[in-house]
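Input: a single structure, listed below in structure tokens.
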Amino acid sequence: MTDSQNTIPAKPFLKWAGGKSQLLAQYARFFPTEPMRAYFEPFVGSGAVFFHLRERALFEQYTLSEINTELITCYEAVRDHVGVVIERLAEHNAHHSRDHYYAVRALDRDPAWPTTPSTERAARLIYLNKTCYNGLWRVNSKGYFNVPMGRYKNPDIFNESRLRAASRALQHVTVAARPFEAVLDHAGPGDCVYFDPPYVPLSATANFTSYAADAFGEHQQRQLAGVFAALAARGCRVLLSNSDTPLVRDLYAHFQIETVEARRQINSKAGKRGTIHEVLVLGNTI
């Protein structure tokens, strides 16, 4: 690894519905500018905000969490064994085909899957993420990944330099499989918490909440709003992204709400893709 490769900035190595890479410039003025003790991101997804802030070394501690255990396992493996993950991805790349995709997709149906080495599970997630339809991560009620193969002629299955940069950024970072409300047990006054939950659907047909076996519906959105308010009252700096809908504006009516523009690509109908409004809710702005 050359010195120039060691200086590549860390960026997301996964595609993820609602990823925030495109919104970082609009979010910039709301991010902390002074060093703080700890940063928490309970819906880490592709980690765009985390990687952006990690490059700026603003925090002493970082904690990333999700209830998606496969995603957390992937982050752990990239952090601790990135070389092996890259080797496994090279094997997937060499064998990529329709039959290989569906064979790999079916692996989580095996009762022994949870005991499979983390590097194998991480490579599977990255491979499926880069070759499935629109990069969408969706599971059924049994927790099985069920997205069909995408129509890519030459999918970019992995980028070694990007994975190694991500691994460096993840060093000494805590990653944990736990529900979002667990942040109440860890975040204290002066800490920063960023929430990027599954969004409130804009319409009845725009529901992408099944990123884990349990759907994220209105009940969970209201529970999240309560956690947000509790953290703000505690003296945390809290930020939350969501869709610009009446429910979201009602849930966070007592907080500052900023409107941002996002371009979203995940829709089965190309005519319904394009620029939409989202919101960034701000809690305590210490």
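Positions are given from 1 along the sequence. Every heavy atom of this structure was used, including side-chain atoms; hydrogens, water molecules and symmetry mates were not. Everything quoted here is computed from the prediction, not taken from an experiment.
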Given side chains that start at C-beta, do those of Val49 and Leu24 come closer than 4.5 Å, heavy atoms only?
->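 In short, these two side chains touch, coming nearer than 4.5 Å.
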
Answer whether the closest heavy-atom distance between the side chains of Val193 and Arg237 falls below 4.5 Å.
->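 SC-SC contact between Val193 and Arg237 ruled out.
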
In chain order, what residues pass the side chain to side chain contact (heavy atoms under 4.5 Å, CB included) check against [X], with sequence neighbours excluded?
X: Thr115; value: Ala112
X: His96; value: Tyr127, Thr131, Met149, Pro155, Ile157
X: Ala177; value: Thr69, Ile72
X: Arg29; value: Glu258

Evaluate salt bridge (Lys or Arg N to Asp or Glu O under 4.0 Å) for Asp108 paired with Arg121, printing each intermediate quantity in order.
-> CA-CA 9 Å; Asp108 61 1; Arg121 292 168 63 183; over 6 Å; no

Considering residues at least two apart in sequence or located in another chain, which fulfil the side chain to side chain donor-acceptor pair (under 3.5 Å) criterion with Arg249?
->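 Expected list: Asp244, Thr259.
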
With distance as the sole criterion, is a donor-acceptor pair present between the side chains of Thr245 and Tyr199 under 3.5 Å?
->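 No donor-acceptor contact under 3.5 Å links the two side chains.
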
Arg105 and Val147: side-chain contact (heavy atoms from CB on, under 4.5 Å), yes or no, with the steps?
-> CA-CA 8 Å; Arg105 192 183 79 162; Val147 180; 5.6 Å; no

Between [X] and [Y], does the ring centroid distance fall short of 6.0 Å?
X: Tyr152; Y: Tyr101; answer: no
X: Tyr62; Y: Phe59; answer: yes
X: Phe228; Y: Tyr252; answer: yes

Pairs of donor and acceptor atoms involving the side chains of residues 80-89, under 3.5 Å and at least two apart or interchain, shall be tabulated with distances.
{"from": "Arg88", "atom 1": "NE", "to": "Glu120", "atom 2": "OE2", "distance (Å)": "2.8"}

Lys/Arg-Asp/Glu bridge criterion (N-O < 4.0 Å) met for Asp191, Arg234 |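 Looking at Asp191 and Arg234, the cut-off is not met.
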
Heavy-atom pair with the smallest gap, counting every atom of Pro197 and Leu240 |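 Looking at all heavy atoms of both residues, the closest pair is CD-CG, 4.4 Å.
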
